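None of the values given here were measured: they were computed from a predicted structure. Positions are given from 1 along the sequence. Every number for a ligand or one of its atoms is a count from 1 in the order of the listing.
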Amino acid sequence: MSEAEYLTVQQALTAVLAGVSVLPAERVSLLEGLGRVLAQDVIAQDSLPPFANSSMDGYALLAADLAGASSDNPATLRVVGDVAAGAVPDIKVERGTAVRIMTGAPVPPGADAVVPVEDTNEAWRNRERPLPEQIQVNRSVKVGDYIRHSGEDIEAGHTILAKGHVLRPQEVGVLASLGISEVEVIRRPRVAILATGDELLEVDQPLQPGKIRNSNGYTQAAQVLALGAEPIVLGIARDTETAVRQKLQAGLEAKVDLFISSAGVSVGAYDVVKAVLEQEGNVGFWRVRMRPGKPLAYGSYHDVPYLGLPGNPVSAMVSFERFARAAILKMSGKEPLDRPTVQATIHSEIHSDGRESYLRAVVTRSETGYEATQTGDQGSHIMTSLVKANALLIVPEGVRYVAPGSQLTAWMINWPETIF
Ligand code: AMP
Ligand code: MG
């Protein structure tokens, strides 16, 4: 068995990221592209709006006809037509005339402005109301008022979204408005999740003496899903090399892009993951100077990148958060790879052991900035302190004591208002 290397968090992260690359692109339907990264520039084939249209229900007219009009001195115009949204106007607006127009309807030829219906004596309420013969307008307008011009939003021929852009609902809407029903996006990483341990039960099994349920498999699959990647759940492997090999084989057959396992990478007598990787992969065993965390295996299994997380649930989740998350985002073509951070003030002293520490905390906003409070017992088996947390407070490497009133970097797992 090879000697474990001692690495800083940054060294380990650099090595993990060096082992993964951006995945190839695929063509998917527009909605399937949500949350994914564009693999090519999108050039608008049409202008938006495609034609000049009214931004209000009202009357299309010539601004010159309303010069000097007011509620005391209304202008009277003859109504010569009606244009609904979706219609194509065939009447020309001439001096002294107006055409009734609905929001989104094309501005008829000749008209250079629209006046809202509220500013006329014809604030109609229902569809049955017949077209008036004439209207009185209580105000003046400028040329162009209440008209949305062709190309105001997007001009045909322009690059509207660049390669690398992440598709959010608003990008999906813009693409739909341009008639784009399929997009080239980076493929979603397929991430195998393997739990190892003789003590593990499936989630729906009753507890038995000496056994616990496999929570890591669920936490990690959920972390993968929350990143927009696809978890391939391999289940539980017993602590034998054959069992681990068999499960990893299923991952190879599912053509995964990354293996993530938990447990079996420390120095216990049954830590078989290391052994399997040594035989059939290329592997580094690290003691990362990190708390919680420490043991981490990284390498490849049959040329697929492999990340072996520690077994303790909090260590596994935090190691995923620090290393696997960045690797999956890189494969997805996304940036930044780190969570947002803020500087938060602590109000009780913190003792650390000199490793870079990630303490579970709640960060709140105050008038002066951000305040952080630890969520209780920091044992690496205390999952509920992660449930209460929205941040990991980072005590830097080499620091053993932090005084109350100091500021620490808070790695925001989520903002108070958001879920992920
Ligand atoms: P190990 O790395 O195998 O020494 O495991 C460290 C600790 O994590 C032990 O207490 C295990 O029981 C626990 N553990 C390992 N795998 C899981 C899992 N999938 N779900 C929950 N706890 C686990
Ligand atoms: Mg074990």
Of G311, S261, A263, the one whose closest heavy atom lies nearest atom 8 (O) of ligand 1 is G311
Are S215 and ligand 1 in contact, using a heavy-atom cut-off of under 4.0 Å?
yes
- Task: Check if H381 has a non-hydrogen atom at a distance under 4.0 Å from any atom of ligand 1.
- Result: no
In terms of atom number and element, which parts of ligand 1 are under 4.0 angstrom from non-hydrogen atoms of [X]?
X: N216; answer: 16 (N), 17 (C), 18 (C), 19 (N), 20 (N), 23 (C)
X: A195; answer: 19 (N)
X: G264; answer: 2 (O), 3 (O)
X: R213; answer: 20 (N), 21 (C)

Q. Does E26 come within less than 4.0 Å of R36, counting only side-chain N to carboxylate O?
A. yes
Only residue of I350, V402, V318 satisfying side-chain contact (heavy atoms from CB on, under 4.5 Å) with L359 is I350
Note: L200, heavy atoms under 4.0 Å from ligand 1, region reported as side chain
Please report whether ligand 1 has a polar contact with I212, defined as an N or O pair separated by less than 3.5 Å (distance criterion only). no
Near [X] [atom1], under 6.0 Å, is it more than 12 heavy atoms from other residues, nucleotides or ligands?
X: D303; atom1: CG; result: no
X: L31; atom1: CG; result: no
X: K294; atom1: NZ; result: no

Item to complete: Establish, from distance only, whether the side-chain atoms of Q279 and E241 form a donor-acceptor pair under 3.5 Å.
Response: yes
query = Have W286 and Q11 got a donor and an acceptor in their side chains that come within less than 3.5 Å?
reply = no
Tell me: protein heavy atom nearest [atom], and distance?
atom: atom 11 (C) of ligand 1; result: E199 OE2, 3.0 Å
atom: atom 19 (N) of ligand 1; result: N214 OD1, 2.9 Å
atom: atom 4 (O) of ligand 1; result: S266 OG, 3.6 Å
atom: atom 7 (C) of ligand 1; result: N312 OD1, 3.4 Å

Carefully, step by step, assess K211 and E199 under the rule salt bridge (charged side-chain N to carboxylate O under 4.0 Å, His left out).
CA-CA 5 Å; K211 311 281 190 200; E199 72 277 41; over 6 Å; no
Exercise. Using the six-membered ring wherever Trp is involved, compare the ring planes of Y301 and F259 and label them parallel, tilted or perpendicular (cut-offs 30° and 60°).
Key: perpendicular
